[in-house]
Amino acid sequence: MQLTFETQPYGTEEVLVIPMLEGNTPAAPLSATLQKFVDGMLTGEKDFTGKNGQVLTLKIPGKAKKIILAGLGDKKNIDEQSLRKLGTPLYKALKETKGAAISVYADGLSAANTAVLADALTREAYDFKKYKTAEDSAPEMEIRIGTGSPQAAEKAFEPLQAVTNGSAWASDLANEPGNSLNPETYARKIRDELSALGVEVTVLEQQDMLSYKMGAALAVGQGSDTPPCMVVMEYDGTGGKQKQPLALVGKGITFDTGGISLKPGANMDQMTLDMGGSAAVVGTMRALAARQAKTRVVAIVALAENMPDGKSYRPGDIVTSMSGKTVFVGNTDAEGRLVLIDALTYIQREHNPHTVIDLATLTGAQVVALGNDFAATYSNDNKLRDQFNAAGAKSGEKTWPMPLMETDSYTKAVKDTPLADLTNLAKGPGSCTAAAFLHEFIEKDDAGKDKCKWTHIDMAGPGMGSGIKKGWGVLVLNQLIQDNFEQKVGKKRAKASKHKTP
Ligand code: BES
Ligand code: ZN
Ligand code: ZN
C-alpha cells in the first residue's frame, strides 16, 4: 500500500471514499452532481445510516468507478477509537473493489483525525507474504488522502506510523518460522533493527549467561543446536533526566517442543509463536525510539529454543537461578517461567527499574480461562494493573485482571516441593501459579516488601493462533507508556509560549 496526503487528489481515482456522518450527511460538502448521485443511491436504503463502522459500496452506472460511503457516526463522537473501528470494514471494502487508485475525501476531518484514519488503513493492510513465491496478482493500493492541510496530517501521521510499524515488525517476527528464527538470528535482527534507531543493544551470549549464573535460562536452551542468549536494550528519550527506567521483559522461546516432556503433535506448529512476549517488547522499543518518546525504558528478552536432545535438561533436574534460588523441574514444558526468572533478576539487579512489566505466552491455562481475546494481567500494584487494563481497552489489545496478591495459596503451591526452593510445576490453576512463581523473583527490600512495581502479562491466548498472525502487545504497551510513563513536555511548552506571545 502506498499512501499520500494531498490537497486535491480527486478525478482519476477508481474508488472514491466519502466519509459520512450519522444521518447520512457527508463530512464535507459534495459537488451538486455527486450529492444528487449519493442521495439517489441512498433512497430506500435502510441499512446504511452513517453509523460508525458502516460501509456501503456504490457502483456508478456505466463506469468502472466505485464510491464507498464510510460511516463516521455522530460528529461529536469522532475520536481515535471510532476512526479505527471504521478502518477495519473500510479496508475490507477497499480490498473487495480490487481498485488500485483510491482517493479518500477526508476534507471534513481534522488533520489529526485524517492521520488516524490513514494509520488505521495501513494497520489493516498488514500481510506476511515472504514465503509465498507466486507473484501476487492483486495490484498494490495507492491511497491518496484529500485534506486541506497535508503537512499537518503528515506530522500527526508520523508518530502513529512509528507504533504501527513497531507492531508490524512484531508481527513479522511472530510469523517467521522456527527454522528461520532461532536465538542467534533473532538476536541479530534485534540488534540491526534497534541500534539503527539509537537504542543501545547488548547481547548476553551463553558464556555471559554462565558468568551471571543464569542456570534456569541456560538449562532451557541446552538441548538446542542454537545456544540461548539474552538481548538487553536501553532507550533514553529524556536526555539522562529520568533516574530510574521502566523495564520490559519478554519470553522469547523461538520454538517450544516441550523438551523431554514433549508436547503432543496436534497444533505443535503454533509453538513458533512462543516468542510473542519478546516480539511485543522489541516492537515497543522500536516504536518508542522511532517516535522519540520522552521516557526511559530498558528491556530484556530471553531467547532460547526448547528441544528434546541428549543434551536437554530433564524432568527432575534441579537448576540454580541467577537469584540463587533453586528450582525443581517438574516438567520441561514449563520453560517460559525458567527463562523469565533469570531475565527478571538481571534487569532488576543491573538496571534498578521503578516498574517491571513482563509479557509471555506462558500457560495453556490462560487460554482456557480467557480465550483468545484477552490477555491476563497479574500485578503487585492494583493501580498499575488498572492502568494496564485501561490501556488494553483503549488500544484494542484487551487484558483482564487476575488474582496475585489476593491469596497466598498459589505461593504455597510453588514452594510445595521437597528437594528445592521452588517447583516449576505447581498444583492449582496454571496461569495463577505461574504468576506466583514469577513473583518469587521480584526483589525484596529489607522489610520483605517488593522493591518495585511489577505486572505480569500472560498473553498465551491472544499470542497464539494459526495462519498469518498479528503480533500482540505493542499497541497496549505503547498506550500504557504514552498515558502513564511519558513526560508531557509538549503541553507545558505550549503553555509557556502562550505567555510570551505579545
Ligand atoms: N508455551 C506454552 C504455553 C502455551 C500453551 C501457550 C498452549 C499457548 C498455547 C508453555 O511453555 C507451556 O507449555 N506451559 C505448560 C506449563 C505446564 C507444563 C505447567 C502448559 O501451560 O501446559
Ligand atoms: Zn512449554
Ligand atoms: Zn512455552
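All ligand and atom numbering here is 1-based and tracks the order in the structure. A quick note: this is a predicted structure, and the numbers were derived from the prediction, not measured.
Not one N or O on the side chain of Q222 forms a donor-acceptor pair closer than 3.5 Å with the backbone of V220. A side-chain donor-acceptor contact under 3.5 Å links T97 to the backbone of L94. At least one donor-acceptor pair closer than 3.5 Å links the side chain of D208 to the backbone N or O of E205. One N or O on the side chain of N165 and one on the backbone of Q161 form a donor-acceptor pair closer than 3.5 Å. A donor-acceptor distance shorter than 3.5 angstrom exists from the side chain of Q244 to the backbone of N352, with no hydrogens or angles considered. Here the side chain of E397 pairs no donor or acceptor atom with the backbone of G392 at under 3.5 angstrom. Distance alone, capped at 3.5 Å, is enough to place a donor-acceptor pair between the Q54 side chain and the K51 backbone. Panel note: side chain D274, backbone T254; no donor-acceptor pair is recorded below 3.5 Å.
Annotation for ligand 1: atoms under 4.0 Å from non-hydrogen atoms of K263 are 2 (C), 12 (C), 13 (O). For ligand 1 and D274, the ligand atoms under 4.0 Å from any heavy atom of the residue are 1 (N). Close approach of ligand 1 to G364 is summarised as follows: ligand atoms under 4.0 Å from at least one heavy atom of the residue are 3 (C), 4 (C), 5 (C), 7 (C), 20 (C), 21 (O).
Side-chain N/O atoms of T345 and Y212 include no donor and acceptor closer than 3.5 Å. In this structure, a donor-acceptor pair under 3.5 Å is present between the side chains of T164 and R123.
Of all protein heavy atoms, the one closest to atom 12 (C) of ligand 1 is D333 O, 3.2 Å. For atom 17 (C) of ligand 1, the closest non-hydrogen atom of the protein is A334 CB, 4.2 Å. Summary of contacts: the protein heavy atom closest to atom 19 (C) of ligand 1 is L425 CD1, 3.5 Å.
Electrostatic pairing of D373 and K398 does not count as a salt bridge here, judged by no charged N lying under 4.0 Å from a carboxylate O.
For atom 7 (C) of ligand 1, the candidate residues are M464, M459, M271; the nearest heavy-atom contact is made by M271.
Looking at K251 against ligand 1, only its side chain comes within 4.0 Å, counting heavy atoms. When non-hydrogen atoms are compared, ligand 1 lies under 4.0 Å from the backbone of L362 (N, CA, C, O) but not from its side chain. Of all the heavy atoms of N331, the ones lying under 4.0 Å from any atom of ligand 1 belong exclusively to the side chain. Residue contacts with ligand 1, taken as heavy atom pairs separated by less than 4.0 Å, do not involve Q270 at all. Looking at Q366 against ligand 1, nothing comes within 4.0 Å, counting heavy atoms.
By the criterion of a separation under 2.8 Å, the protein N/O/S atoms near the Zn ion (ligand 2) amount to D256 OD2, D333 O, D333 OD1, E335 OE1.
Between Y131 and F128, the angle of the ring planes lies from 30° to 60°, which puts this pair in the tilted group. Classified by interplanar angle (parallel below 30°, tilted 30° to 60°, perpendicular above 60°), the ring pair Y346/H351 is tilted.
Ligand 1 has no atom lying under 4.0 Å from any heavy atom of M268.
Residue-to-ligand polar distances keep N424 apart from ligand 1: every N/O pair is separated by 3.5 Å or more. Residue D256 has at least one nitrogen or oxygen atom sitting less than 3.5 Å from a nitrogen or oxygen atom of ligand 1, judged on distance alone. Between A460 and ligand 1, a contact under 3.5 Å exists for no N or O pair. An N or O contact shorter than 3.5 Å links E335 to ligand 1 by distance.
With D256 as the partner, the side-chain hydrogen bond (donor to acceptor under 3.5 Å, both in side chains) test is satisfied by one option alone out of T332, T361, N306: N306.
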